[in-house]
Amino acid sequence: MASDFIRQKVIEDNRAGKYAGRVMTRFPPEPNGYPHIGHAKSICLNFGLAADFGGVCNLRFDDTNPLTEDMEYVEAIKDAVRWLGFDWGDREYYASDYYEQLYAWAEKLVLQGDAYVCFLSEEQFKDCRGTVQGPGKPSPTRDTSPEQNLALLRRMKAGEFDEGACVLRAKIDMASPNMKMRDPPMYRIKKAHHYRRGDAWCIYPMYDYAHGLSDAIEGVTHSLCTLEFENNRELYDWYVQKVGFAQPPEQTEFARLDLTHVIVSKRYLRRLVEERRVDGWDDPRMPTLAGLRRRGVPAAAIRAFVERVGVARANSVVEYALLEHAIREELHKSAPRRLVVEQPLPVVVEGLGPARSLVAADLPAELGPSEGREVPLSEAIFIERSDYTDAPVPGWKRLSPGGVVRLRHAGLIRCVGEDRGPDGALIGLRCAKLSEGEATAAGKGVGTIHWVDQATAVPCTLRIYELLFAAERPGTERDLLEDLHPDSKKVVQGVAEASLAAPAVGAGFQFERLGFFAADPDSRPGHPVFNRVVALKDGFVPKAAEPKAAPAKAEPKRPAAPAKAEAAPPEVLAAAAAWGVSETVARALVGEPARAAWAEAAVAAGAPRADAANLVCNELARIPLDSLAFEPAEAGAALAAVAAGALPRGLLRQALAEVERGGLGARIEALRAAAAAAPALDAQIDALLGDHPAEAARLRAGDQKLLGFFLGQLKRRAPSADPAEARRLLQAAAGA
RNA sequence: UGGGGCGUGGUGCAAUUGGCAGCACACCGGAUUCUGACUCCGUAGGUUCCAGGUUCGAGUCCUGGCGCCCCAACCA
């Protein structure tokens, strides 16, 4: 199972008994566009996580905006989820089915005094909201009575107001530092036709109001969304709390998927389609799941890709090469191998004998047995134009004048002549099959090329796709359209071996030495059309080529350290001297007199000044002093004991960590007793080494790094042990 | 009166919660090969954003900086 911070959280929730171990997620798209590779991450996460924990994942359409949504998108989304291999059973839900319930709760909030109808114009609304720097102003109707607002809300719902005349607002806090909490709108008037609810409604809930409550209605436990909704979480919680759910769902955010060379913004995708820069939403160059699918990318590759990307909270951009790798890896295992020539060059091979068929395996032997297919062969064949040159570079392993090459599955040939047209252009080659003797002599090291029999060749269209955008981050340095790759789609007429006359649409193949291809729906019997999914990696680096310039050393990405901070104020310097501590600690002491007082109290109980100050400003820095479970005097006495050598420092640290389970003094005594009862240190070391035989062997072999590991393990077993003594004994044991 | 997040080789993520900084991709070598693919070995690449502090020991804890992202749609 994949492990990420979200799954870890689910495990913790389950351990704590939250939701009684139940796990329910949901994939909540708004049906206003075609789903893309970014959605695939969310789909795989939500469905995958539910499956990992024996739960379920709902498919819910968050359709709260009648202006942008359409059934076409609903279907596209369902197709994509199914194609990716996930099943939502009968749990296909729509926020628009919850409109009645959501409205009823809106009346409830109004009656509770938690919502009101506001008649501010959009412009005024904006003015009143304030800025990130300063608070907003209340709406004039903010403090009107619940009864008044209920009547107004009902009139809103009845269509008595024009669009934009008023909105229902949650009454929260116009001064909240979180802008989302400044009385956000819950409902707005839109006298528009809804693709599912028709004209039944003229007020529509906002995302924040509808989303969390929809989750709650369904019994969702873990509501996963992308990072930009972090600020919305507070509002999410507010709504489910005000409506009164006992065990509300909990929102967790993760980083959305971003890919180099790819743009997924709905706006830009739409532009590409509308301006006919691509051939529709399912153009194989599009990052839509429909496009990826048509291109021939297997769903399993997408899943593997998403898995490798992982789930975290840091914004990041994944290299496109990782997607390509996942695609190749998947197709390599399953795609039958075929012989296809992109740019045919006629060749006559003397001595090849009469026309016949040979049987070739579909897959390399190491991938297991395969059925194989018949490949016709005669003296007249096509080879790839680019597999011949009359000026070979060093390292060239293909055909050249007088050169020898292997025809895939069909033996060795030598080039004996060129045929050129009146203009001098190459129009064909003459070759001769090598005799058995010559062939063994020519032996190893000859290159292998692909070919197709002329008499039985199937004409085919090959669509060679490249990146839609050549730029790594399209649209960042110039207009997006200027970053379009001018040659992202090349159409060539090639020839395929006979077995490819009528491939199943969508079937994936490897055309040997060219790449992975898939049959496009545009195929017709006798004339297939293939999309190149991805090229094979090309390891050929001509020896004569300039040695590649060393990749430019990346600019040091960290700025130089800022100029040294100015000298500390005199009172800090004084405190540092008085306490014998660093300026950092002194600053804390000066800034928070209560801590200084606490430290003084510990000193009064015998603690060395520096130790007392360091303790209260480091180990204890995050804990409010009044919530400390022990007195400064208690800590001071302990520090004094440590200073006098009567108490191991490690034991004190341990006691501090466990102090919740008893007073400090009690903890110390308990740990002391445990330490006294524990076996001698060298015996513990023996036991420890025995428990980790592999690491122990490496330690004995002289791997000094393992010392830290064992020291750590030892400290866990014997917290009071003197570190120096432990290290000495451990080293002795290792040497033994 | 701003708030919420995030910083680990080129990229994406890990690090048993204070104890060996690792994995994958990319890159570069080499071996193998009837696909210049695949496979297999290997090299290189790190001031864990910076500066301090605590500790025997810090990617992890503390203090202070710096940088980047998100939030002021009646979009989601």
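Naming: A, B, ... by sequence-line order, numbering from 1 per chain.
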J.: Quote, to the nearest angstrom, the C1' distance that separates B/rC6 from B/rC25.
T.: 23 Å

J.: Answer yes or no: is there an ion pair linking A/Lys137 with A/Asp127, defined by an N-O contact shorter than 4.0 Å?
T.: no

J.: Would you mind telling me which of B/rA72, B/rU35, B/rC74 lies closest to the side-chain atoms of A/Arg188?
T.: B/rC74

J.: Hunt down the Watson-Crick or G-U wobble partner of B/rG12, both distances under 3.5 Å, from any strand shown, or write none.
T.: B/rC23

J.: What string of B, S and - do you get for nucleotides 13-19 of chain B, 5' to 3', when a contact is any protein heavy atom under 4.0 Å?
T.: SSS-BBB

J.: How far, in whole Å, is B/rG67 from B/rC27 if one measures between their C1' atoms?
T.: 28 Å

J.: Starting the side chain at C-beta, find the nucleotide from B/rC75, B/rG12, B/rC34 nearest to A/Lys190.
T.: B/rC75

J.: Check this for me: does any side-chain nitrogen of one of A/Glu619 and A/Arg653 sit under 4.0 Å from a carboxylate oxygen of the other?
T.: yes

J.: So for A/Asn231 and B/rG3, does any side-chain atom that can act as donor or acceptor lie under 3.5 Å from a complementary atom in the base?
T.: yes

J.: Checking all strands, does A/Tyr204 fall into the base, sugar-phosphate, or nothing category for heavy-atom contacts under 4.0 angstrom?
T.: nothing

J.: Work out how far the C1' atom of B/rU60 is from that of B/rU54, and round it to whole angstrom.
T.: 14 Å

J.: Considering every strand and a 4.0 Å limit on heavy-atom distances, what is the contact class for A/Asn232: base, sugar-phosphate, or nothing?
T.: base

J.: Quick one: on RNA chain B, does A/Ala621 or A/Lys537 contact a more 5' nucleotide (nearest heavy atom)?
T.: A/Lys537

J.: Quick one: label A/Val167 by what it contacts on the DNA or RNA (base, sugar-phosphate, nothing), any heavy atom closer than 4.0 Å.
T.: base

J.: Can you tell me the distance, in whole Å, between the CD atom of A/Glu384 and the P atom of B/rA37?
T.: 17 Å

J.: Looking at A/Glu319 and B/rG10, is any side-chain donor or acceptor paired with a base atom of the opposite kind under 3.5 Å?
T.: yes

J.: How many Å lie between CD on A/Gln251 and C1' on B/rC71, as a whole number?
T.: 13 Å

J.: Using the P atoms only, state how far B/rU43 lies from B/rU35, rounded to an integer number of Å.
T.: 28 Å

J.: Report the glycosidic orientation of B/rU16: syn if within 90° of 0, anti in every other case.
T.: anti

J.: For a 4.5 angstrom cut-off between non-hydrogen side-chain atoms, does A/Leu639 reach A/Leu615?
T.: yes

J.: Is the gap between the ring centers of A/Tyr34 and A/Tyr73 under 6.0 Å?
T.: yes

J.: Using only side-chain N and O atoms of A/Arg587, determine if any of them is under 4.0 Å from OP1 or OP2 of B/rG64.
T.: no

J.: Report the base-pairing partner of B/rC61 (Watson-Crick or G-U wobble, both distances below 3.5 angstrom), or none.
T.: B/rG53

J.: At under 4.0 Å between heavy atoms, what does A/Leu589 touch on the DNA or RNA strands: base, sugar-phosphate, or nothing?
T.: nothing

J.: Now, which nucleotide makes the Watson-Crick or G-U wobble pair with B/rU32, with each of the two distances under 3.5 Å?
T.: none

J.: One thing to verify: whether A/Glu497 and A/Arg337 come together as a salt bridge, which I'm taking to mean a side-chain N less than 4.0 angstrom from a carboxylate O.
T.: no

J.: Please work out if A/Val581 contacts a base, only the sugar-phosphate, or nothing of the nucleic acid, heavy-atom cut-off 4.0 Å.
T.: nothing

J.: What does A/Cys166 touch in the nucleic acid at a heavy-atom separation under 4.0 angstrom: a base, only the sugar-phosphate, or nothing?
T.: nothing

J.: With a cut-off of less than 4.0 Å, is there a side-chain N or O of A/His332 near OP1 or OP2 of B/rC38?
T.: no

J.: For A/His409, which contact category applies under a 4.0 Å heavy-atom criterion: base, sugar-phosphate, or nothing?
T.: base

J.: Of the listed nucleotides (B/rG53, B/rG5, B/rA37), which one gets closest to any side-chain atom of A/Glu230?
T.: B/rG5

J.: Step through it carefully: locate the ring centre of A/Phe517, locate the ring centre of A/Phe511, and say whether they are under 6.0 Å apart.
T.: yes

J.: Using a heavy-atom cut-off of under 4.0 Å over every strand shown, decide if A/Lys180 touches base, sugar-phosphate, or nothing.
T.: base

J.: Give me the distance, rounded to whole Å, that separates B/rU11 from B/rA26 when you measure between the P atoms they each carry.
T.: 16 Å

J.: Please tell me which of A/Asn178 and A/Asn32 maps to the more 5' nucleotide of RNA chain B, matching each residue to the nucleotide holding its nearest heavy atom.
T.: A/Asn178

J.: Counting heavy atoms from C-beta on, name the nucleotide in B/rA73, B/rG53, B/rA37 closest to the side chain of A/Leu536.
T.: B/rA37

J.: Which of these nucleotides, B/rA76, B/rC75, B/rG36, is closest to any side-chain atom of A/Asp62?
T.: B/rA76

J.: State which of B/rU1, B/rC62, B/rG2 makes the closest approach to the side chain of A/Pro135.
T.: B/rU1

J.: For atom C1', what is the distance between B/rC34 and B/rU39, given to the nearest Å?
T.: 16 Å

J.: What's the CD1-C1' distance between A/Ile172 and B/rG3, to the nearest Å?
T.: 15 Å

J.: If we ignore hydrogens and angles and just use 3.5 Å, is the side chain of A/Glu330 paired with the main-chain N or O of A/Ile327 as donor and acceptor?
T.: no

J.: Give A/Gly539 one of three labels, base, sugar-phosphate or nothing, depending on what nucleic acid heavy atoms sit under 4.0 Å from its own.
T.: sugar-phosphate

J.: Given that both distances must come in under 3.5 Å, which nucleotide forms a Watson-Crick or G-U wobble pair with B/rG67?
T.: B/rC6

J.: Strictly under 6.0 Å, is that where the ring centroids of A/Tyr207 and A/Phe229 end up?
T.: yes

J.: Are any of the side-chain nitrogens in A/Arg60 or A/Asp62 under 4.0 Å away from the carboxylate oxygens of its partner?
T.: yes

J.: With P as the reference atom in both, quote the distance from B/rG9 to B/rG46 in angstrom, rounded to an integer.
T.: 10 Å

J.: Any idea if B/rA73 is syn or anti, going by the 90°-from-0 cut?
T.: syn

J.: For the side chain of A/Asn614, counting heavy atoms from C-beta on, which of B/rC74, B/rG2, B/rU54 is nearest?
T.: B/rU54

J.: Taking atom C1' of B/rC75 as reference, at what distance in whole Å does atom CG of A/Asp63 sit?
T.: 14 Å

J.: Give a yes or no on whether a salt bridge exists between A/Arg313 and A/Glu253, defined as a side-chain N under 4.0 angstrom from a carboxylate O.
T.: yes

J.: So A/Thr64, base contact, sugar-phosphate only, or nothing? Heavy-atom distance under 4.0 Å.
T.: sugar-phosphate

J.: Without decimals, in angstroms, what is the distance between A/Gln124 CD and B/rC74 C1'?
T.: 14 Å

J.: In whole angstrom, give the distance that lies between atom CZ of A/Arg473 and atom C1' of B/rU11.
T.: 12 Å

J.: For A/His450, which of A/Glu384, A/Arg408, A/Glu342 qualifies under side-chain hydrogen bond (donor to acceptor under 3.5 Å, both in side chains)?
T.: A/Glu384

J.: To the nearest angstrom, how far is A/Leu363 atom CG from B/rC38 atom P?
T.: 16 Å

J.: How far, in whole Å, is B/rG52 from B/rC66 if one measures between their C1' atoms?
T.: 14 Å

J.: Taking donor-acceptor contacts at under 3.5 Å, does the side chain of A/Gln510 reach the base of B/rU35?
T.: yes

J.: Would you please indicate if the ring centroids of A/Tyr187 and A/Tyr204 are separated by under 6.0 Å?
T.: no

J.: Rounding to an integer number of Å, can you tell me how far A/Arg328 CZ sits from B/rA26 P?
T.: 8 Å

J.: Students often get this wrong, so: under 4.0 angstrom with heavy atoms, is A/Ala326 touching a base, only sugar-phosphate, or nothing?
T.: nothing

J.: With the side chain of A/Gln133 defined as its heavy atoms from C-beta on, choose the nearest nucleotide among B/rG53, B/rA73, B/rG2.
T.: B/rG2

J.: At under 4.0 Å between heavy atoms, what does A/Glu366 touch on the DNA or RNA strands: base, sugar-phosphate, or nothing?
T.: base

